[in-house]
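The structure appears right after this line, and notes come after that.
Computed from a prediction, not measured in an experiment: that's the story for all the values here.
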Amino acid sequence: MKAIELEKAYNPKDFEDRIYNEWVEKGCFKPSSDSRSPLHECYLNKTSGGKTVSKYTVVIPPPNVTGVLHMGHGLNNTLQDIVVRYHRMLGDNTLWLPGTDHAGIATQNVVERQLKKEGTSRQALGREKFLDRTWAVTREHHDTIVKQQRKLGNSVDWDRERFTFDEGFSKAVRNVFVTLYERGLIYKGHYLVNWCPRCGTALADDEVDHTDTDGFMYHIWYEYADGPAADGSTKIEIATTRPETLLGDSAVAVNPEDERYKAIVGKKLKLPLTDRVIPIIADQYVDKEFGTGMVKITPAHDPNDWEVGKRHNLEVINILNPDGTLNTACPEKYRGLKCAEARKIIIEDLKELGLYKGEEKIKHSVGHCYRCATVVEPYLSDQWFVKMKPLAEKALASWKNGDFVFYPKKWENTFLHWMENIRDWCISRQLWWGHRIPVWYCKDCGETIVSREDPASCPKCGAGADRLEQDPDVMDTWFSSWLWPFGTLGWPEKTEDLSLMYPTTALVTAYDIIFFWVSRMIMAGLEFTGKAPFHDIYIHGLVRDKQGRKMSKSLGNGIDPLEIIDMYGADALKFTLGYMCAQGQDVLVDKDSFKMGSRFCNKVWNASRYILGNLEGRTLVPVRDSDLTELDKWIYSCLDRAVREAKSAFEGYRYNEGASALYEYFWYDFCDWYVEATKLSFRNGDENEKNRAVSVLLNVLEESLRLMHPYLPFVTEEIYGKLPLAEIVSNRTAAGKQSILASEEYTGLLVDAPYPESVGARENSSITARFAVLQELIRNIRGLRAECGLDPAAKLHIAVNITAGSSAEVIREKTDMIELLAGVSAIDFTDSTPQKSIGSVGDGFEAFLLVDESINKEQLIARFNKEIAAEQVSVKKSEAKLSGKFVENAPADVVQAERDKLEASRRRIEKLVSYVKSL
């Protein structure tokens, strides 16, 4: 056999795009139930034989079509890709379905900003032309997102890609609206909503970001309109953060149990700056312990005041225009002003009237639009709502029944809290980009028509379509995306994909949209299909910078996934993110973090290159149990442990544990120990031994590549394609028998190869224990070499004292391996401590570095004495620190760290003194 050449340097740019295109062209990402899948015949053979093929379905959280992928998307896509590739290799009927979200507010904002730069607006353009322009922007951004996802290596079925505004999805959205309306779960009402003056639309409660903001509490006097109170007072004190809203006040409220104010309930007040008179009312809403115990009530501009107003039948006065300016309900002086401008003028006017007491700085929570960050105003308007409580009750019952599970479990509490405190959902938006509300109003008779199809006439009076006017509003973006798990599979049509792939198996998403999306998908799935839309809900953290800050444009701390891929390759990005993604924790990275993944890819490449380079002149032979050396059995035991740990991690969505298991196995067990130790066979063995050794090496490498593929898809596929697979498989008769690649299940590409299975027969605790001793001895010798500052290439003379009957007896049998891996020229066995030696203790042995003529003893003693002096200085500093006020003032963990440091220095001194003494 000839040697198989891999390029000397690992360069992912040489093969990542080529490999991805091949995967797509051959249909490798299609579910095996799809006739276009290379595994379809295998699927048919299994199902025709009565077997049930497990499915694994994931729908991608659809990125907003106006955005470009950031590192948060990189993490989310990576985690899905890892688990999807794993289940595909298990033989599951696997589908990862891609798509994008039309993102109503976000997309409209992008286009409106473009128009503003051009000196025009959507109103000037008109609805139809504006929508044409928005579709063009959408297509452009969509193409960019797809290119990015392909560079990431997403193993999605592109032929099944969906868009929340495509024809089929639009049909599903309209069907859901009408069905909910028919079931009495959608209604229209004149209510107080969250209003974004910048976007000109209502927002749902969970689309408002509340942030602590610096502000002021303003204290204002309200005078009595009907004479002094019984105590002779002529005015009361009100405190507010928004003085401008007093123009819409309908009352002042006190707590009915507040003894201070019982006598003034029912009295009248002059509303400052207006000619109106308002009453003092009593309501339990007022906290008598907070402030003065008096609260101004502005029903049209505060949710709590709205409820108070309904209870007391108060006048509701809206003082705002849709653009956030003050309207005609206000005195003429203030009309047309923004709230912030009006506030300044109103304060000055109150001062002139002697009604302004003062102000104080405060921090308070202020709501901002989740898309444009404009301060949100409570605003009275006609909107469409969904009654959420009946839907939430079904979702809670389903969760309690175990229909879906959260990973990590702590998110169940968040889900439970939100479901138990849910409020009706405002679903109408005053936008042009989005699904139109399927409601028409007859201009002739006033009839309201809610229909799945555009009506041709009024069902009440018979007026034609030209007399019917459609509701101008569109639906909230989330009203389409809550249908994502089943809408993407063809619902409401009874498609094959829907019957085979729904409910989906897993949802992988970040915790910042658990309210927006996850809970609503559960409610929609149960309401319209009778089933929870997924079973596993894996909630991952956010990607932050090394300082723990969220990545953002304003901070300039964002990392472009494509830049990392260009620098290190997609595998480096994927492995690093998987390795660092611990359940329940955010991922803290900078650009240098991805060097770790790059180094691991290099390790895989170089180890494979070495093995394939040793095929020159070799003949591959059957790998039989009887032919395996103790070293071979040890590596198979390590491989089996890695398989078990990786599969356990996959099943529990513990990505970092899976990556760590692969890393530890391949870097240390396989490369640093096994591959290095097999060099004895190539150095000392005859031709038969060399053939046997390289055959085992290839078997282990082949299975290791399959083990690592979900985390490192590109580099493993590239190397796998170079292996002499036909000969490896035909010669696999024993240790690797479980992983023979049946021709009907294998396309020749690693992406479709079976994932390794754990084989109990491979476990060997006795051999593992013996090799653990060898490893400890070799590490100790390497440690002594480093401690003494000896040349890594210098051959050492050592002595070993072995405890009789212990696992360390293996040292006598493996002297050639020890000499090779520890750089030792000679090993003596002794029952006592040799003169002029430096010792190290291990499990069942003591090892000694013999200081003979090859080592400069005086130089070594001088080195140790210098280190002793340095440690003594450290001891004095720590002792002084721990004897002073540091112990009283410093945190307990800092004090303990100093004590640990002192103890370590003392042990080090003791050890070094013993070295000097022995020399």
Query - Candidate pair Arg544 and Asn557, rule side-chain hydrogen bond (donor to acceptor under 3.5 Å, both in side chains), full reasoning - result: CA-CA 9 Å; Arg544 298 182 182 272; Asn557 61 347; over 6 Å; no

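- Between the side chains of His87 and Thr94, no donor-acceptor pair of N or O atoms lies under 3.5 Å.
- Surrounding NZ of Lys603 are more than 12 heavy atoms belonging to other residues, nucleotides or ligands, all under 6.0 Å away.
- For Ser481, the side-chain contact (heavy atoms from CB on, under 4.5 Å) partners two or more places apart in sequence, or in a different chain, are Asp101, Trp478, Trp517.
- Judged purely by atom type and a 3.5 angstrom limit, Gln80 uses its side chain to pair as donor or acceptor with the backbone of Asn76.
- Side-chain atoms of Thr716 never come within 3.5 Å of backbone atoms of Met708 as a donor-acceptor pair (strictly under, hydrogens ignored).
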Requested in this report: Would you check, one step at a time, whether the test salt bridge (charged side-chain N to carboxylate O under 4.0 Å, His left out) holds for Asp752 with Lys26?
Outcome: CA-CA 11 Å; Asp752 290 322; Lys26 291 189 174 179; over 6 Å; no

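- Here Asp640 pairs with Arg644 in a salt bridge; the nearest charged N to carboxylate O distance falls below 4.0 Å.
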Query raised in the report: Between Phe165 and Trp135, does a ring pair (Phe, Tyr, Trp, His ring centres under 6.0 Å) hold up when you go through it step by step?
Result: CA-CA 10 Å; Phe165 211 179; Trp135 271 110; 5.5 Å; yes

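- When all heavy atoms of Tyr711 and Gly578 are compared, the closest pair comes out as CE2-CA, 4.3 Å.
- Contact between Ile564 and Met71 at its shortest, heavy atoms only, is CG1-CE, 4.0 Å.
- Separation of atoms CZ (Arg88) and OH (Tyr86) is listed at 14.0 Å; rounding is to 0.5 Å.
- For the pair Ser48 (side chain) and Asn45 (backbone), a donor-acceptor distance under 3.5 Å is present.
- Put simply, CG on Asp497 and OH on Tyr502 are 14.0 Å apart, with the number rounded to the nearest 0.5 Å.
- Within a 6.0 Å radius of CD in Glu496, other residues, nucleotides and ligands contribute 12 heavy atoms or fewer.
- Remark: the backbone N or O of Asn656 is not paired with any side-chain donor or acceptor of Ser660 at under 3.5 angstrom.
- At a threshold of 4.0 Å, the pair Glu717-Arg85 does not count as salt-bridged, since none of the basic side-chain nitrogens sits closer than that to a carboxylate oxygen.
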Requested in this report: Begin with the C-alpha distance, continue with both residues' side-chain angles, and end with the deciding distance and a verdict on side-chain contact (heavy atoms from CB on, under 4.5 Å) for Thr57 and Asn93.
Outcome: CA-CA 8 Å; Thr57 313; Asn93 188 24; over 6 Å; no

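- Side-chain atoms of Glu16 do not come within 3.5 Å of backbone N or O of Ile565 as any donor-acceptor pair.
- Closest of all the heavy-atom pairs between Gly569 and Pro12 is CA-CG, 3.7 Å.
- You'll find the side chain of Phe714 reaches within 4.5 Å of the side chain of Phe15, heavy atoms only.
- Applying ring pair (Phe, Tyr, Trp, His ring centres under 6.0 Å) to Tyr655 and the options Tyr579, Phe650, Tyr538 leaves one that passes, Tyr538.
- Side chain to side chain, Asp590 and Ser593 meet the donor-acceptor criterion of an N or O pair below 3.5 Å.
- When every heavy atom of His535 is checked against every heavy atom of Gly402, the shortest pair comes out as NE2-O, 3.9 Å.
- Between Leu750 and Leu705, the shortest heavy-atom distance links the atoms CD2-O, 3.9 Å.
- In this structure, Lys647 pairs ionically with Glu757, as a charged nitrogen and a carboxylate oxygen lie closer than 4.0 Å.
- A distance-only check finds a donor-acceptor pair linking the side chain of Thr47 to the backbone of Leu44 [under 3.5 Å].
- Residue Glu7 places its CD atom among 12 or fewer non-hydrogen atoms of other residues, nucleotides or ligands, all under 6.0 Å distant.
- Between the side chain of Arg706 and the main chain of Tyr720, no donor-acceptor pair closer than 3.5 Å is present.
- If you take CG on Asp14 and OH on Tyr10, they are separated by 10.0 Å, rounding to the nearest 0.5 Å.
- Cys638 contributes atom SG, which lies 7.5 Å from atom OH of Tyr665 (distance to the nearest 0.5 angstrom).
- Atom OH of residue Tyr636 and atom CG of residue Asn699 lie 4.5 Å apart, to the nearest 0.5 angstrom.
- Screening Ser398, Pro503, Pro533 against Asp403 for a side-chain contact (heavy atoms from CB on, under 4.5 Å) leaves a single residue, Ser398.
- Proximity of a side-chain donor or acceptor of Lys722 to a complementary backbone N or O of Glu5 within less than 3.5 Å is not detected.
- Met89 and Val751 get closest at one heavy-atom pair: CG-O, 3.8 Å.
- Partners of Asp159 under the salt bridge (Lys or Arg N to Asp or Glu O under 4.0 Å) rule, at least two apart in sequence or in another chain, are Lys30, Arg36.
- In this structure, Tyr653 has its ring center closer than 6.0 angstrom to the ring center of Tyr407.
- Between Phe406 and Trp411, the ring center distance fails the sub-6.0 Å criterion.
- Between atom CG of residue Asp166 and atom OG1 of residue Thr100 there is a gap of 8.5 Å, rounded to the nearest 0.5 Å.
- Without hydrogens or angle criteria, Asp560 side chain to Leu562 main chain gives a donor-acceptor distance under 3.5 Å.
- Two residues are said to be in side-chain contact when any heavy atoms from C-beta on lie closer than 4.5 Å; Trp667 and Asp672 meet this criterion.
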Report task. Take Arg654 and Gln583, measure what side-chain contact (heavy atoms from CB on, under 4.5 Å) needs, and give me the verdict at the end. Result -> CA-CA 6 Å; Arg654 299 187 305 277; Gln583 266 192 19; 3.8 Å; yes

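- Of the residues listed (Trp484, Phe486, Phe163), the one engaging Phe169 in a ring pair (Phe, Tyr, Trp, His ring centres under 6.0 Å) is Trp484, and it is the only one.
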Report task. Could you please spell out the steps behind the side-chain hydrogen bond (donor to acceptor under 3.5 Å, both in side chains) verdict for His102 and Thr164? Result -> CA-CA 6 Å; His102 70 279; Thr164 56; 2.7 Å; yes

